[in-house]
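Structure, as structure tokens:
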Amino acid sequence: MSSLHLYDTLTRTTAPFKAIKDGEASIYLCGATVQAPPHIGHVRSGVNFDILRRWLTKSGYNVTFIRNVTDIDDKILHKAVHEEMPWWAVAMKYERAFADAYAALNVMPPTYEPRATGHVTQMIELMQKLIERGAAYAPGNGDVYLEVRKLTSYLTLSRQKLDDLQPAADADETYKKDPRDFALWKAAKPGDPSWPTPWGAGRPGWHLECSAMAHTYLGEAFDIHGGGLDLVFPHHENEIAQSEAAGYPFAKLWMHNAWVTASGEKMSKSLGNSLQVAELLKSVRGIELRWYLGGAHYRSMLEFSMGALEESATAFRRIESFLQRSVEILGTEPTPVINATFTDAMNDDLAVPTALAGISESLRLGNTAITDGDKKAIAQHANEIRGALEVLGCDPFDSVFAQSGATDLTAALDGTIKLALAQRTAARERKDFAASDAIRDGLAALGISIEDTAQGPRWSITSHATPTEGSK
RNA sequence: GGUGGAAUGGCCGAGAGGCGAGGCAAGGGACUGCAAAUCCCUCUACACGGGUUCAAAUCCCGUUUCCACCUCCA
């Protein structure tokens, strides 16, 4: 039996995962800056780390999972002006949009989901400590900066040299000792929200808040820090800088997911090529979108196309169809079982694509077992497939994916269609194929497709996926 | 300028010195009254040029193209 190996951005190698505390795993994931609706790049990160979390849990760890909400920053303030709403209303509006998107994709709520604005006290304490240790300074204008030249191991994560960095174009060097020093705290501008501190009123810098929240919920050292690849520099470098300057070991392992691209380019708001989750959910179900996003390896770029998404959804429906038939034949839902193929794949730095190949194999064998009427084999493969889907967060029997409130209607529909199917079966028995085909065509016109199986006819609703505008 | 990543069959996508993942599409076959579903078979690739090796898609050197980060970014 293999053991879990994970890739560490810091060492650029894959190594066995060893938790700081036996049986416990602590994860801090950089969450969203809630200033716009979520696009699929945002939720890919959520899905990737949700799979990590589920696999750690399945492997026996008690997982503490923190994902923060950055609810105060420049963009939110700009948006507030633009949308003519208070900044906190903007933040809440988009925080809810993210929560809806995560829920639709079955991303588990984090153990704790701290908001930046709720942790100003902890940020002030951290700054106090950094100033006392001589790592940070308050030049008197209300800003507080970290002095990066004093750090011994700055930029080890991104492997850059301080002097090679291009100085920020908008760097205000009036108060900075070095242009590369970064702001822990930003002095209040007129009209902007602010919190009082010993160094003047202001608001949190982006980097400081994550360090402060990680310390608050996970302590001075924790197992895994995650986020998108684009956070490596400067965000994560600066988090490391602040935490190490404060004397904390901080994260033991760094994991970064690659981004979703469109036409070869990274999805981003500024490019205008971002695809909103809410929009895609008009074409495919949440479970199908998750299957698509989770199916690529987390460190590989995922080139989005509507065609690829639809293809992936079709493949998923085949799996669902097998599971449904297994229930019809066995009269019971499969019991999730994790097989060795899946375990080995997941333990190899979450090799989901390899795991998917194993699921395809089980699916083929399971379908063959249905043809052969081998109930034992049907159960085995259904169990293994469900076990794998459960870890991937795509278990169709999971109550989050159930169509709530529709059960009565479904039962009525089922009864109605079965009535029609009985007519059709009778027609077929007397070889009146014109009549039987008329019934089938009639149902098809209503969006209901018929399959004849050894166990009798089955019906299902044909999905009407409507392609999103502007995508192929 | 600095730091990284990528190039695989019609398409999507793994892998990482020898045994050619998997899916989708396509063609053929089995089954079927016909469909559908399912199963079987076929098509089979690693950007380019050198090198190392008994053996390279995989390692080394060089080249090209694309992408990203260095400014807010999942």
Side-chain angles (χ1 to χ4, degrees), chain A residues 9 12 29-33 35-36 38-49 67 70 73-76 78 98 155 158-171 180 206 226-235 237 256-261 263-271 274 292 295-303 305 307-312 314-316 318 321-322 325 345 348 351-361 363-372 428 431-434 436-437 440-441 444 449-454 457-458 460 462:
Chain A
T9 307
R12 309 276 165 98
L29 174 65
C30 285
T33 298
Q35 50 93 14
H39 65 243
I40 52 171
H42 294 124
V43 288
R44 181 188 188 188
S45 178
V47 167
N48 285 157
F49 284 95
R67 188 185 62 219
T70 296
D73 96 327
D74 286 338
K75 284 201 167 180
I76 293 172
H78 291 151
F98 269 83
L155 305 179
S158 60
R159 305 201 168 180
Q160 298 178 95
K161 291 195 181 91
L162 193 56
D163 293 313
D164 288 340
L165 294 184
Q166 290 180 350
D170 60 345
R180 291 164 186 89
W206 177 39
L229 200 52
D230 39 9
L231 298 185
V232 170
F233 184 91
H235 187 51
E237 291 287 10
H256 293 94
N257 64 280
W259 39 73
V260 180
T261 57
S263 307
E265 294 190 330
K266 181 186 162 199
M267 197 161 287
S268 74
K269 196 120 196 314
S270 53
L271 277 177
S274 59
Y292 172 70
H297 187 92
Y298 75 94
R299 286 195 283 121
S300 298
M301 280 189 282
L302 178 62
E303 167 66 16
S305 78
L309 174 60
E310 278 162 7
E311 176 185 300
S312 166
T314 303
F316 183 72
R318 275 189 78 213
S321 166
F322 165 68
R325 290 191 66 191
D348 180 16
V352 176
T354 307
L356 259 38
I359 293 175
S360 293
E361 173 79 1
L363 178 65
R364 210 189 81 240
L365 295 172
N367 278 323
T368 302
I370 287 181
T371 307
D372 297 344
R428 291 179 70 204
K431 306 250 189 265
D432 184 356
F433 297 122
S436 77
D437 287 351
R440 184 170 66 198
D441 293 346
S449 62
I450 304 302
E451 288 170 36
D452 292 317
T453 74
R458 302 178 72 237
S460 57
T462 313

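Model, not experiment: these values are computed from the prediction. All chains are named by letter (A, B, ...) in the order of the sequence lines, taking the proteins before the strands, and each is independently numbered beginning at 1.
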Polar pair under 3.5 Å, donor/acceptor by atom type, side chain A/Lys75, base B/C72
yes
Between the base of B/G2 and the side chain of A/Asp163, is there any donor-acceptor pair under 3.5 Å?
no
Side-chain donor/acceptor of A/Ser360 to backbone N/O of A/Leu356, under 3.5 Å
yes
C1' spacing across the pair B/C61 / B/C69, given as an integer number of angstrom
27 Å
Which value, in whole Å, describes the distance between the C1' atoms of nucleotides B/C40 and B/C31?
11 Å
Examine B/G1: is either OP1 or OP2 under 4.0 Å from a nitrogen or oxygen in the side chain of A/Lys161? Give yes or no.
no
Using OP1 and OP2 only, check whether a side-chain N or O of A/Arg364 sits under 4.0 Å from B/C40.
yes
Nearest to the A/Asp73 side chain among B/C39, B/C34, B/C72, which nucleotide is it?
B/C72
Base-contact (B) and sugar-phosphate-only (S) positions in nucleotides 25-30 of chain B, heavy-atom cut-off under 4.0 Å, - elsewhere:
------
Distance check, P atoms only: B/A26 and B/A36, in whole angstrom units.
11 Å
Donor/acceptor link under 3.5 angstrom from A/Glu311 side chain onto base of B/G23
yes
Rounded C1' spacing from B/G23 to B/A30 in Å:
22 Å
Is there a side-chain contact between A/Asn257 and the phosphate of B/A74, meaning an N or O under 4.0 Å from OP1 or OP2?
no
For A/Leu155, is there any backbone N or O sitting under 3.5 Å from a side-chain donor or acceptor partner on A/Glu237?
yes
Could you tell me whether the side chain of A/Arg180 and the main chain of A/Leu162 form a donor-acceptor pair under 3.5 Å?
yes
Separation of the P atoms in B/C54 and B/U42, to the nearest angstrom:
34 Å
Nearest-nucleotide 5' precedence on RNA chain B, A/Gly358 against A/Ser158
A/Ser158
For the side chain of A/Asp452 and the base of B/A35, is some donor closer than 3.5 Å to an acceptor across the two?
yes
Respond yes when some side-chain nitrogen or oxygen of A/Ser305 is under 4.0 Å from OP1 or OP2 of B/C11, and no when none is.
no
When the P atoms of B/A57 and B/G17 are considered, how many whole Å apart are they?
13 Å
Mind checking the C1' distance from B/G2 to B/G15? Whole angstroms is fine.
32 Å
Taking B/G13, B/G22, B/C34 as options, the one with an atom nearest any side-chain atom of A/Glu303 is B/G13
Of the candidates B/G33, B/A74, B/A35, the side chain of A/His42 sits closest to B/A74
Determine the Euclidean distance between corresponding C1' atoms of B/C48 and B/U8; express it in Å to zero decimal places.
15 Å
Would you mind telling me which residue lines up with the more 5' stretch of RNA chain B, A/Ala357 or A/Ala32, judged by nearest nucleotide?
A/Ala357
Measure OH/A/Tyr298 against P/B/G13 and give the value in whole Å, please.
18 Å
Does B/U38 have OP1 or OP2 sitting under 4.0 Å from an N or O in the side chain of A/Arg318?
yes
Residues in side-chain contact (heavy atoms from CB on, under 4.5 Å) with A/Arg318, at least two apart?
A/Leu363, A/Asn367
RNA chain B: stems of at least 3 consecutive Watson-Crick or G-U pairs, cut-off 3.5 Å?
B:1-7 with B:64-70, B:10-12 with B:22-24, B:26-30 with B:38-42, B:47-51 with B:59-63
